[in-house]
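First up is the structure itself, then whatever we jot down about it.
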There are 2 protein chains.
Amino acid sequence: MSRHETSGHEAKRELFDAFASVAKVLSSGRRAEIVDILAQGERPVDDISREIDQTIANTSQHLQQLLRAGLVKSRRDGTRIYYSLSGTAVSRLWAAVRDVAAEHVAKLDELATSYLGDRSALTTMTRTEVYERIGSGDLVVIDVRPEAEFRAGHIAGATSVTLKELEKWLDELPNDRLIVAYCRGPYCVFADNAVRTLSRHGFKAARLEEGYPEWKEAGLPVEAKTDLPGHDRAS
Amino acid sequence: MSRHETSGHEAKRELFDAFASVAKVLSSGRRAEIVDILAQGERPVDDISREIDQTIANTSQHLQQLLRAGLVKSRRDGTRIYYSLSGTAVSRLWAAVRDVAAEHVAKLDELATSYLGDRSALTTMTRTEVYERIGSGDLVVIDVRPEAEFRAGHIAGATSVTLKELEKWLDELPNDRLIVAYCRGPYCVFADNAVRTLSRHGFKAARLEEGYPEWKEAGLPVEAKTDLPGHDRAS
DNA sequence: CGAGTATTCAACTATCTACTTGAATACGGC
DNA sequence: GCCGTATTCAAGTAGATAGTTGAATACTCG
């Protein structure tokens with residue numbers, strides 16, 4: 001069974017290697033974490049390295065791999081270099097990876113529970129439920145992601161309340177309205193913890209089932225930092 | 001910057017490693033080819049090994065990796081073992097990978113042209129265009145994939161005409177109706193070649209923009225082999 | 001211009017991966 | 001039960017990959 005014979009086979013191999021190169025760049029857990037973070041909006045290198053708990057040098061190298069593969073782009077602003085996903089197709093790919101894992105990876109539930117804790121006691125709401133009630137005013141939406149992500153873009157009308165600030169805010173939050181917390185996506189801990197804390201203090205609280213990227217992708221209203229044009233440096 | 005410290009970080013690492021394991025299994029061009037084939041329907045090992053031009057042993061090992069990751073399932077029928085995708089989420093993931101590659105991988109156009117040839121002269125039709133005209137009878141739809149794939153499932157009303165058979169069929173095909181050829185997906189050569197051959201012989205011919213998996217995923221009418229239940233062996 | 005900070009580069013190591021080869025196992029038909 | 005075919009297993013090798021460390025580059029601010 002000889003390989004490398006006809007140019008047709010060779011060309012097919014190369015084409016599918018190119019498809020595979022896209023998957024390959026997502027085949028490291030650390031790069032997956034990076035994509036999950038960048039799905040929230042652009043971030044500088046040192047910020048990302050802290051989030052994924054890796055050295056700056058290592059984080060930088062992961063980012064270059066993502067750059068070379070075309071999944072992210074970078075722009076310089078003064079001394080900092082901001083990375084961001086190169087398009088919504090990348091967000092959709094990341095969601096597709098999570099979907100397959102959720103459906104077909106045997107031990108995923110176990111790993112998710114080990115990271116997120118028991119979710120059975122938490123009330124959840126879908127995008128549409130939140131969107132429909134957000135106008136009526138009987139709902140308070142809080143964004144519990146790191147502030148940088150809130151600044152890069154958030155659900156229209158949401159307030160930034162990080163977990164550290166949450167304790168201080170307990171006096172100011174309304175007792176008579178439902179508080180909906182959201183964060184990065186279906187496997188993000190922040191919202192879970194916020195809802196647990198709020199429930200413990202007697203508030204009515206729920207978690208948005210998914211996160212900001214899915215809300216934005218669905219075309220629901222957001223408030224986003226306008227990307228400064230002309231500074232981009234594509235892959 | 002110490003790693004492996006809090007159990008929270010450890011659990012997050014493991015969760016994202018699990019997501020990454022899904023991408024990892026698609027990070028080989030040969031496994032990507034396998035998924036592209038299995039998206040058409042179930043196939044036995046030796047069949048797949050011929051398609052991807054690899055030894056049976058190597059193909060088997062790739063299939064086990066896909067199996068372990070949960071992307072495919074297998075069932076035994078006598079002496080043969082048939083592999084198939086474990087769900088539609090996997091098809092969607094494969095499509096998402098191709099989309100990202102098409103949009104963001106720099107040299108993809110070049111590789112695609114090198115494999116498929118110049119497509120600028122080929123007429124293409126979308127799913128909906130074909131579906132709307134398929135009933136009116138002024139259209140002949142031919143399936144130019146290997147016959148095994150046609151047998152596993154095809155567009156309702158399509159006829160199987162492999163490239164080898166095409167020359168013989170030239171007398172029987174109608175001169176007054178548009179002939180639409182389709183195959184595996186947007187990067188499949190068979191339909192391109194069929195349309196070129198037909199055009200050269202004076203037929204009106206067009207290529208369906210995408211392939212059978214996308215048609216099926218869109219919920220359009222298909223004729224598929226009913227999956228024998230009770231014989232499945234999940235991941 | 002010089003100091004300070006953010007990021008990238010380069011060299012190195014331990015581990016993993018794809019593919020090969022040859023043998024082992026599992027089933028169907030006689 | 002034995003033979004032929006389909007598939008898997010096991011061992012080996014060349015090449016790739018993630019992470020470390022320390023130095024180099026690129027920009028800002030005084």
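The figures that follow rest on heavy atoms only: side chains count, while hydrogens, waters and symmetry mates do not. In the text below, chain A, chain B and the rest are named by the order of the sequence lines, each starting its count at 1.
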Can you tell me if [X] touches the phosphate of [N], counting only side-chain N or O atoms and a distance under 4.0 Å to OP1 or OP2?
{"X": "B:Thr79", "N": "D:dT5", "answer": "no"}
{"X": "B:His62", "N": "C:dC19", "answer": "yes"}
{"X": "A:Tyr83", "N": "C:dT8", "answer": "yes"}

How close or far is atom [atom2] of [N] from atom [atom1] of [X], stated in whole angstroms?
{"X": "A:Arg80", "N": "C:dG4", "atom1": "CZ", "atom2": "P", "answer": "17 Å"}
{"X": "B:Leu66", "N": "D:dT7", "atom1": "CG", "atom2": "C1'", "answer": "16 Å"}
{"X": "A:Arg43", "N": "C:dA6", "atom1": "CZ", "atom2": "P", "answer": "15 Å"}
{"X": "B:Glu33", "N": "C:dA18", "atom1": "CD", "atom2": "P", "answer": "14 Å"}

- Message: Determine whether a donor-acceptor pair (N or O, by modelled atom type, separation under 3.5 Å) exists between the side chain of A:Ser74 and the backbone of A:Ile81.
- Response: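 Side chain of A:Ser74 to backbone of A:Ile81, a donor-acceptor pair under 3.5 Å: no, none is there.
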- Counting N and O atoms only, with roles assigned by atom type, does the side chain of A:Glu149 sit under 3.5 Å from a partner on the main chain of A:Pro146, one being a donor and the other an acceptor?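 Absent.
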Between [options], which nucleotide has the shortest distance from any of its atoms to the side chain of [X]?
{"X": "B:Arg30", "options": "D:dT8, C:dC19, C:dA6", "value": "C:dC19"}
{"X": "A:Arg76", "options": "D:dT21, C:dT7, D:dC27", "value": "D:dC27"}
{"X": "B:Ser28", "options": "C:dA18, C:dT7, D:dT20", "value": "C:dA18"}

- Geometric class of the A:Phe19/A:Phe16 ring pair [parallel <30°, tilted 30-60°, perpendicular >60°]: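 Correct class here is perpendicular.
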- Report the distance from atom CZ of B:Arg80 to atom CG of B:Asp46, rounding to the nearest 0.5 Å.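 That separation rounds to 5.0 Å.
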- Could you check if a side-chain atom of B:Leu220 sits within less than 4.5 angstrom of a side-chain atom of B:Ile155, using non-hydrogen atoms only?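 No, every pair of side-chain atoms sits at 4.5 Å or beyond.
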Each nucleotide N or O in nucleotides 9-17 of chain C that has a protein N or O under 3.5 Å away: list the pair and distance.
from   : atom 1 : to      : atom 2 : distance (Å)
C:dC9  : OP2    : A:Gln64 : OE1    : 3.0
C:dT17 : OP1    : B:Lys24 : NZ     : 3.4

- Item | A:Arg145 charged N/C atom sitting above A:Phe150 aromatic ring, 6.0 Å / 45° |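 Not satisfied by the 6.0 Å and 45° rule.
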